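Notes follow once the structure below has been shown.
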Amino acid sequence: MAVPKRVCLLAVAVASLFAVVAVRARAQEPVASAPVAERVQERTLANGLRVLIERDGRQPRVAVVMAYDAGMRDDPSGYRELAHVVEHMTYRGSRHVKPNEGGDRVIAAGGLFNGFTSRDHAAYVSQLPAEQLPLALWLESERMAFTTEAMNDDLLDIELDVVRSEWLERDSEGMRAALPEAQMHELFPEGHPYRHTQDRGSKRDFSYDLEHVRWFHQQHYRPENATLAIVGDIDLAEANALIDKYFAGVRGTGTRAARPAAPVVPFAGERVIDFEWRYPRPGLIVRYRTACPDLVCKQALRMLAERATGDRHSLLSYALQTQAGIASEVSMSLVEYDHAQEVVVYAWLEPQTDLKLAQRVLDDAIAQMVELAVEDKELTSLKQAVWTGELRSAESIQYRATRYATSSRTKGERYDLDALERALFSVTKEQLMQLGAGVLSTRKRLIVRVAFDEDAVQGGKIVDSSGMLFHTGAEASKP
Amino acid sequence: MKQHLVIVAAVLLAACGRAALPGPVYPLTTTPDADFRRRPPEPAAHTGVWRELAITTRTMQNGMRVIVVEQPGTGLVSHLYVCSRAGKNPESYPADIAALTGDVLLQGFRLSSGEEVSATRVGGSMPYSHTWENGTALGLTVLREGSRAALRVLASAVQRPLLTEAGVAASKESQGSHLYDVSRTIGGLIGPLKAHLLFGAQHRFALDNLRWARELAAITTPEVRRYYQATYQPSVSSLIVVGDVIAEEEVLAAADAEFGPWLTVGTESAPQPRAKSLPPDQREHRVFAVLDGGSTTSITVLHPIDSPKQINVHAMGVLHQLIAGGYSSQLWRSLRHEAGLTYGVYGGVTHFADGGYLEIAASVPNAETPDTIEAIFDAIDAASMKAPSADALRAAKASYLATLQPVAGADLAWLLARLDAAGMPPEKLQSAAEAVRELTPSDILSTARTLSSDRAVALTLGNFYQYPRFASRRDVRQFEIRDAND
């Protein structure tokens, strides 16, 4: 098979990156560390609360994360943002804790805290001096068991204003505006819980009251719906005794809250959206969907992203920024939900760049990358880069606790650094090539072409779309 | 097939629209109460002690400092080369030359063997540069096996950069794109205005985006070379290595081998910048409206710090924590918790060689803008009239201390780099923590009194993106600053 000239040029560019004799890459030796089974202790209390504890004695700090299966996908239809508002209301005190006292106490103890609502979870993250573990556990047990009764209309009114402000600050009045919303509408079919979007109308005018908020809290904030993760300089026996003290008596209902199914919806075709906004930089966003069956596949996806856009000399970055000179920034990243992954390419272009031309250049570059054989040195380098990134994140006790707490309980997954390492270093050149060819298909993807138009509505909007991303209902009913 | 059925079911459910929720079950709480739940618990018996960091510092014969902190078990090592003379926008050079040069150093260099390298990864990671008010750093975090190679790459980039026309052009392209994007964000618009309003249009950080872009475009390769030669000297350089090093002695020996031969050439002393905040009658306005419109306004209140060397920087940090530094601060309580006016209050303390400022920022509904500005000014005025309570001070100190005690190696490396470049010896990190613990309410009061409200300014910025004709224009500031009091 003849190799196209441009592929050869790319190959030369790639090879030059590894030409430094003095900086030889070498096969990675696994980092010496205890197996995760010894490092992480996992158990489930009689009331269903799942607990993971890891001791890390580098400094006398501890991270405590409580995650509930209560994310945006759990918002009942017609009650957008309910999970998020409930997250905010849990800062407003409980039977034994005055409004905001929890945050004040964590901070006064030298701690930090935060919370977030993702598509799959609501999670509460605190990091504080290790001896303050009882404080964190007391506050989390209050949040779980004694918060519903403390909610009132006055606090809800204020918190709704805060949530509106959060939305305005993050999305509406910035450049992102309607772009994420437009994509989410396309990425999942009508009725899919991940299709939840931050609808402007409903956010400005919340259509629910205190009883709805109380119901949601009661429904989802219970032990069988939660995972508690603790990482830090703790005595394991003491920590377990504290967990029993604060959580064993918390009553659940014996069954986990029903969640709307969030099945993987494979793309069945290509869909192109033309989006216009007032921001003067045009761009291309290309999304590919996959459902990795195992960790090796997920790690290979990360290597693929690193190969494409890990730095400005990576294949796609080099092709669009240096060779074609049409892009200011190119990134490929992996987006993970509980039930699927997406590989997303963002290419932010120089002003005036023709979008169709840019798409051709991007498609060519991706095609060349898929064809370009992975050499041994490159494979090692990609693994080292991905592993360095993971270790860099895992240096943080907060990061590890958050990953433990939010690992998919439904799928029985657990964040496991050792398993990630084994999976990463087992990826072969052939697997990487096959995955690239399989995932980065021009026949199954969503393309968003973002253009500048100074007369576009605030936040931007879709002006045209074509193609088909999913099977239609009629096709779905075929065997 | 099953999958498709689930999708169809989900579609049918959604088609039903909004259903009435069943409502909470009473009693709302089913968990039995217990005596131990009624009050906050005592700290655990297992009380850790902050492990004093073993910070090893050595000054090489050429004057360059090497700082090593060993953190076993992480598998990673972070390396930062810091040039404390390469702070952003140096006097008598074109704007942005410091950041540009930092990037150009990594575009190509010669190894000690003589081999020329245009770009290289170490252990899969590409080195990067970052420039801030007090310095420029070249950094590389790698797996521990790559540490020696990382030092070699950083040393080669710093001592033997190629500084080619192509390298300068590539870096200008990259910086230009960054500037283009930054100048279209709220932060990017406000950033250059801060020093302008506090210290005057001639201050080196008072750089409007138009001038910034113009000067960046005009920088020549000879200028980059001249700047490099005058700035990058061992006597103003530090190497910081934090992490799972194989052996501290090995790092010091490797640093000696890589950076030891670097000699000072053609030393010229850097001009000492001197800035003074503008007295009230020289400022253009007290309150500026850069743009208005949209439903919210971004407010930034700035108080100048004229003599950073004469104030207690830690006391200023704690003062910021008290007023606006997070969830428990005065302004979070009044603006967010009680009034629901904002999602958060932000800001911090910025120091540079000849000045700095305390910054407090929040976005609020337009109609609340004047009252919020007054609330921020009032909070600072109040802090200069009355010392904080012991409880409030304890909480603020605890919060501030947390920023001096990062657990992750890469975060610690950056903290040490910033302290070093600001003239605060990293080996004194532990004593800095002690100094924070010993701060008294009267220390905070006297620090607050160094802030002069009549020299402070408030900037307001409306919704930039509602004004398409301005969005594509580079110099928004020049055209749109208006006095909100008019």
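Below, read A as the first sequence line, B as the second, and so on, with proteins coming before strands; counting in each chain starts at 1. Everything quoted here is computed from the prediction, not taken from an experiment.
B/Ser78 and B/Thr141 share a side-chain donor-acceptor pair at under 3.5 Å. Of the N and O atoms on the side chains of B/Ser113 and B/Arg152, not one donor lies less than 3.5 Å from an acceptor on the other residue.
Heavy-atom distances place no part of B/Leu401 under 4.5 Å from chain A, backbone and side chain included. Contact annotation for B/Ser329: neither backbone nor side-chain heavy atoms come within less than 4.5 Å of a heavy atom of chain A. With a 4.5 Å cut-off on non-hydrogen atoms, A/Lys383 does not touch chain B at all. Of the atoms belonging to B/Gln321, not a single heavy atom falls under 4.5 Å from chain A. B/Ala34 does not touch chain A: none of its heavy atoms, backbone or side chain, sits under 4.5 Å away. Contacts of A/Gln398 with chain B are absent, with no heavy-atom separation under 4.5 Å from either backbone or side chain. Neither the backbone nor the side chain of A/Phe188 comes within less than 4.5 Å of any heavy atom in chain B. Interface residue A/Arg105: only side-chain heavy atoms are found under 4.5 Å from chain B. Only the backbone of A/Ala109 comes within less than 4.5 Å of a heavy atom of chain B; no side-chain atom from C-beta onward does. For A/Glu142, the part lying under 4.5 angstrom from a heavy atom of chain B is the side chain only. B/Val364 does not touch chain A: none of its heavy atoms, backbone or side chain, sits under 4.5 Å away. In this structure, no portion of B/Arg148 lies under 4.5 Å from any heavy atom of chain A. At a 4.5 Å heavy-atom cutoff, the contact between A/Ile107 and chain B is made by backbone and side-chain atoms alike. Proximity to chain B involves both the backbone and the side chain of A/Tyr91, based on heavy atoms less than 4.5 angstrom apart. Only the side chain of A/Gln218 comes within less than 4.5 Å of a heavy atom of chain B; its backbone N, CA, C and O stay farther away. For B/Pro27, the part lying near chain A is the backbone, with the side chain staying farther off; criterion is any non-hydrogen pair under 4.5 Å.
Of all the listed residues (A/Leu137, A/Thr148, A/Thr388, A/Ile397), the one sharing the greatest number of non-hydrogen pairs under 4.5 Å with chain B is A/Thr388. In terms of non-hydrogen atom pairs under 4.5 Å with chain A, the most contact-rich of B/Val25, B/Asp411, B/Leu341, B/Asp391 is B/Val25. Note: A/Gly110 leads A/Pro76, A/Ser141, A/Gly111, A/Gly110 in heavy-atom pairs under 4.5 Å with chain B. Contacts with chain A were tallied for B/Pro32, B/Gly243, B/Ser328; B/Ser328 has the most, counting heavy-atom pairs under 4.5 Å. The choice from A/Gln219, A/Glu306, A/Glu350, A/Glu159 that makes the most heavy-atom pairs within less than 4.5 Å of chain B is A/Glu350. When each of A/Gln127, A/Glu329, A/His212, A/Met151 is checked for heavy-atom pairs under 4.5 Å with chain B, A/His212 comes out on top. Put simply, of A/Ser396, A/Gly103, A/Gly325, the one with the most heavy-atom pairs under 4.5 Å next to chain B is A/Gly103. Note: A/Val162 leads A/Leu139, A/Ile158, A/Val162, A/Asp161 in heavy-atom pairs under 4.5 Å with chain B. Of the listed residues B/Glu42, B/Glu338, B/Gln71, B/Arg336, the one with more heavy-atom pairs under 4.5 angstrom with chain A than any other is B/Arg336. The greatest number of non-hydrogen atom pairs below 4.5 Å with chain A, out of B/Lys397, B/Arg394, B/Arg38, is found for B/Arg38.
Side-chain contact check for B/Pro22 versus A/Trp215: some heavy-atom pair is nearer than 4.5 Å.
The two residues A/Phe470 and A/Val265 make their nearest non-hydrogen contact at CD2-CG1, 3.3 Å. The two residues B/Arg121 and A/His313 make their nearest non-hydrogen contact at NH2-C, 3.7 Å. Of all heavy-atom pairs spanning A/Ser165 and B/Tyr343, the tightest one is CB-N, 3.5 Å.
Distance check, rounded to the nearest 0.5 Å: CZ of A/Arg251 to CZ of A/Arg222 gives 14.5 Å. Here the NE2 atom belonging to B/His178 is positioned 13.0 Å from the OG atom belonging to B/Ser171, to the nearest 0.5 angstrom. With rounding to the nearest 0.5 Å, the separation of OH in B/Tyr327 from CZ in B/Arg333 is 9.5 Å. Distance check: A/Arg61 CZ to B/Gln405 CD gives 7.0 Å after rounding to the nearest 0.5 Å. One distance of note links CZ of B/Arg144 with OG1 of B/Thr74; it measures 8.5 Å at 0.5 Å rounding. Rounded to the nearest 0.5 angstrom, B/Leu106 CG and B/Ser118 OG are separated by 12.0 Å.
Put simply, the side chain of B/Thr403 never gets that close to the backbone of B/Ser399: no donor and acceptor are under 3.5 Å apart.
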Evaluation steps, side chain to side chain contact (heavy atoms under 4.5 Å, CB included), between A/Met144 and B/Thr31 = CA-CA 10 Å; A/Met144 181 185 285; B/Thr31 297; over 6 Å; no

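Across A/Glu149, A/Arg95, A/His217, a single residue satisfies side chain to side chain contact (heavy atoms under 4.5 Å, CB included) together with B/Leu28, and that is A/Glu149.
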